[in-house]
Amino acid sequence: MIDPRLLRDDPEAIRTSLTRRGSKVDLDALVALDTELRSARQRAEELRARQKEIGREIAGLEGEAKEAAIAGVAQLASEVKETTGEVDRLESDFDMALLEVPNLVAPDAADGFTEEDNVEIKRVGEPLTEGADHATLGEKLGIVDTIRAAKVSGSRFGYLKGKGALLEFSLVRWAMDHLVAEGFTPMVPPVLVREEALVGTGFFPEAREQVYEVPRDELFLAGTAEVPLAAYHTDEILEGGDLPLRYAGFSTCFRREAGTYGKDTAGIFRVHQFDKVEMFVFIDPQDSAAEHDRLLAVEERLVGELEIPYRVVNIAAGDLGASAVKKYDIEAWFPGERRYREITSCSNTTDFQARRLRIRMKTDRGNEVVHTLNGTACAVGRTILALLENHQQSDGSVLIPSALVPYTGFDVIEP
RNA sequence: GGAGAGGUGGCCGAGUGGUCGAAGGCGCUCGCCUGCUAAGCGAGUAGGGGGUGUAAAGCCUCCUCGAGGGUUCAAAUCCCUCCCUCUCCGCCA
């Protein structure tokens, strides 16, 4: 949620951002609604103040004088009820409209509206010019089974098997160890969350169709640990000295992948369920931009240690999620497809989530909404696929990068 | 799943219709005293919105005692619905 004060202090800043995103939000209607709401609120408050004042007088009266006073204020009471009802209606309209407004795009976010407009920042590593694709490799090595997964769960699911399953646990622990060394607190959060957590993180209302629901219990399956980690401090006022708070959350992630029919149907590149280690940070607003770069640096070190060629892209404004002001993706090279594809991502969501979740910090200037950031440390499934493709050998085996061997206990996966 | 208890400010905890945004305690902040990792004394200390103000301060005002609705001139206090937490029993990874 953006700061509603901006609507009257600097609506043009919002307009610029909406334009860069290609957003359809009706800013003028929102500004008008805000104005209407405030004047209605003013009227209601004046009436209510009078009512309370008279109430205090009545408290001191007795007998007939009291009866008369009570009779005299009945009309005022009904006016109060009417005007506050009006304020409530306007307020709820306003709140709903405000939830639809995406965060203000950062000045240095890339311009444009689609993936095509993402700006490449750098490339690292020597890409292989050819190789088998991950679906073929996974099947031949006997470590990924999507055929039987379809029987059990439908499309876009997979079994990891044998060394593939062990590789998963190795990656999780390897990533966690790195993050702990970086000062992150490891967490295993709930993956079933309330609606409030999803609204608070900005996934609702924008991306509601991507989220699995458990209606009977009014819970939702989180698509990322970002959701329970962000909501962890809901309604809290953090001590300035405790910031930044850095969490590393491991969770299984669930995504409906609605609207992706026909995309990435082979293998387990795009699946409904995968595991991920996610970084999440609560920080003083003035430090969030620097922290964003820091998260990217952590991600680069991790991918680099796996000896996977990659590039970093600055995501185009129109391709950003509602909560992000700026986002970097790391795209790993996939020789089977001869292209770079997203394996991690990190976003600065500034005060957007924190305001919705009411997470503040104490400062000399009073309480201030904190900033939050999130970044992928290791999306396990995709990382396994990137390892398979980039470390495949001519004999059909796959070598495990040396950084991982202490965790896997083996250095090669053979057919 | 069954039975019961309870949700009040950073924490604990009083408050069953009016002057209560709320006693008291703890914690914290500032000051005094003492001179020594303490005790004592005094003051301050919930959050949020709107208005006014160049800004800070200040001032005016409204909302918030789990959430929502209702009764009433007036609700932390009465009524209804919901949510959550805890305890015991049952079941269970």
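Chain naming here is simple, since letters A, B, ... match the order of the sequence lines and numbering starts at 1 in each.
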>> Can you pull out every salt bridge (charged side-chain N to carboxylate O under 4.0 Å, His left out) where at least one residue sits in residues 175-186 of chain A? Sequence neighbours excluded, please.
In response: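 For residues 175-186 of chain A: A/Arg173-A/Asp177, A/Glu182-A/Arg294, A/Glu182-A/Arg301.
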>> Only pairs with both distances under 3.5 Å count, Watson-Crick or wobble alike; so what is the partner of B/G42 in this structure?
In response: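 Per the H-bond distance test, B/C30.
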> For B/G4, what is the paired nucleotide under Watson-Crick or G-U wobble rules, both distances under 3.5 Å?
Replying inline: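 Looking at the geometry, B/G4 pairs with B/C86.
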Nearest whole Å is fine: how far is [N] [atom2] from [X] [atom1]?
X: A/Glu79; N: B/U72; atom1: CD; atom2: C1'; answer: 18 Å
X: A/Asp34; N: B/G51; atom1: CG; atom2: C1'; answer: 14 Å
X: A/Leu76; N: B/U72; atom1: CG; atom2: C1'; answer: 14 Å
X: A/Glu196; N: B/A67; atom1: CD; atom2: P; answer: 12 Å
X: A/Asp3; N: B/G48; atom1: CG; atom2: C1'; answer: 13 Å
X: A/Arg355; N: B/G48; atom1: CZ; atom2: P; answer: 12 Å

>> Using the side-chain heavy atoms of A/Ala77, tell me which of these nucleotides is nearest: B/G18, B/G49, B/A74.
In response: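 Among B/G18, B/G49, B/A74, the one nearest the side chain of A/Ala77 is B/A74.
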> If you check every side-chain atom of A/Val73, which of B/C62, B/G51, B/C73 has the closest atom?
Replying inline: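 The closest nucleotide is B/C73.
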> Looking at A/Phe410, does the NZ or CZ of A/Lys163 lie under 6.0 angstrom from its six-membered ring centre and within 45 degrees of the ring axis?
Replying inline: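 The answer is yes, since A/Lys163 meets both limits relative to A/Phe410.
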> Is it true that the NZ or CZ of A/Arg341 lies under 6.0 Å from the centre of A/Phe269's six-membered ring and within 45 degrees of the ring axis?
Replying inline: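 Yes - A/Arg341 lies over the ring of A/Phe269, closer than 6.0 Å to its centre and within 45° of its axis.
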Which part of the nucleic acid, if any, lies within reach of [X] when heavy atoms closer than 4.0 Å are counted: base, sugar-phosphate only, or nothing?
X: A/Lys362; answer: nothing
X: A/Arg194; answer: sugar-phosphate
X: A/Lys66; answer: base

> Heavy-atom contacts under 4.0 Å between residues 37-50 of chain A and RNA chain B, which residues?
Replying inline: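 Close to the strand are A/Arg38, A/Arg41, A/Gln42, A/Glu45, A/Arg48, A/Ala49.
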> What residues in residues 84-102 of chain A put a non-hydrogen atom under 4.0 Å from any atom of RNA chain B?
Replying inline: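 Those residues whose heavy atoms fall under 4.0 Å from RNA chain B, taken from residues 84-102 of chain A, amount to none.
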>> Nearest heavy atom decides the nucleotide; on that basis, is A/Pro4 or A/Ile58 closer to the 5' end of RNA chain B?
In response: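 Comparing both residues, the 5'-ward one is A/Pro4.
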> So which one's nearest nucleotide on RNA chain B is more toward 5', A/Lys52 or A/Ala74?
Replying inline: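 Its nucleotide being nearer the 5' end, the pick is A/Lys52.
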In chain order, what residues pass the side chain to side chain contact (heavy atoms under 4.5 Å, CB included) check against [X], with sequence neighbours excluded?
X: A/Val211; result: A/Leu198, A/Phe204, A/Phe220
X: A/Ala386; result: A/Ile308, A/Ala332, A/Phe334, A/Asn390
X: A/Val180; result: A/Pro186
X: A/Ser17; result: A/Arg21, A/Leu104, A/Val105

>> Applying ring pair (Phe, Tyr, Trp, His ring centres under 6.0 Å), can you list everything that pairs with A/Phe280, at least two apart in sequence or on another chain?
In response: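 Per chain and number, A/Phe280 pairs via ring pair (Phe, Tyr, Trp, His ring centres under 6.0 Å) with A/Phe282.
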Please tabulate, one pair per line, all N/O donor-acceptor pairs under 3.5 Å involving side-chain atoms of residues 72-81 of chain A, not counting sequence neighbours.
residue, atom, partner, partner atom, Å
A/Gln75, NE2, A/Glu79, OE2, 3.4
A/Ser78, OG, A/Gln75, O, 3.0

> Which residue pairs pass the ring pair (Phe, Tyr, Trp, His ring centres under 6.0 Å) test with at least one member in residues 361-389 of chain A, sequence neighbours excluded?
Replying inline: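 Every candidate ring pair (Phe, Tyr, Trp, His ring centres under 6.0 Å) pair involving residues 361-389 of chain A fails, so no pair, neighbours aside, qualifies.
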Please tabulate, for side-chain N and O atoms in residues 313-326 of chain A, each donor-acceptor pair with protein atoms closer than 3.5 Å (sequence neighbours left out).
residue, atom, partner, partner atom, Å
A/Asn314, OD1, A/Ala110, N, 3.3
A/Asn314, ND2, A/Asp108, O, 2.9
A/Lys326, NZ, A/Asp108, OD2, 2.8
A/Lys326, NZ, A/Tyr328, OH, 2.8

For nucleotides 43-47 of chain B, which of its nitrogen or oxygen atoms have a protein nitrogen or oxygen under 3.5 Å away, and what is each distance?
residue, atom, partner, partner atom, Å
B/G47, O3', A/Arg360, NH1, 2.7
B/G47, O2', A/Arg360, NH1, 3.1

> So, for A/Pro285 and A/Glu368, which heavy atoms are closest and what is the spacing to 0.1 Å?
Replying inline: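 Looks like CG-OE2, 3.4 Å.
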>> Counting only side-chain nitrogens and oxygens, does A/Arg56 get under 4.0 Å of the OP1 or OP2 atom of B/C73?
In response: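 For B/C73, neither OP1 nor OP2 has a side-chain N or O of A/Arg56 closer than 4.0 Å.
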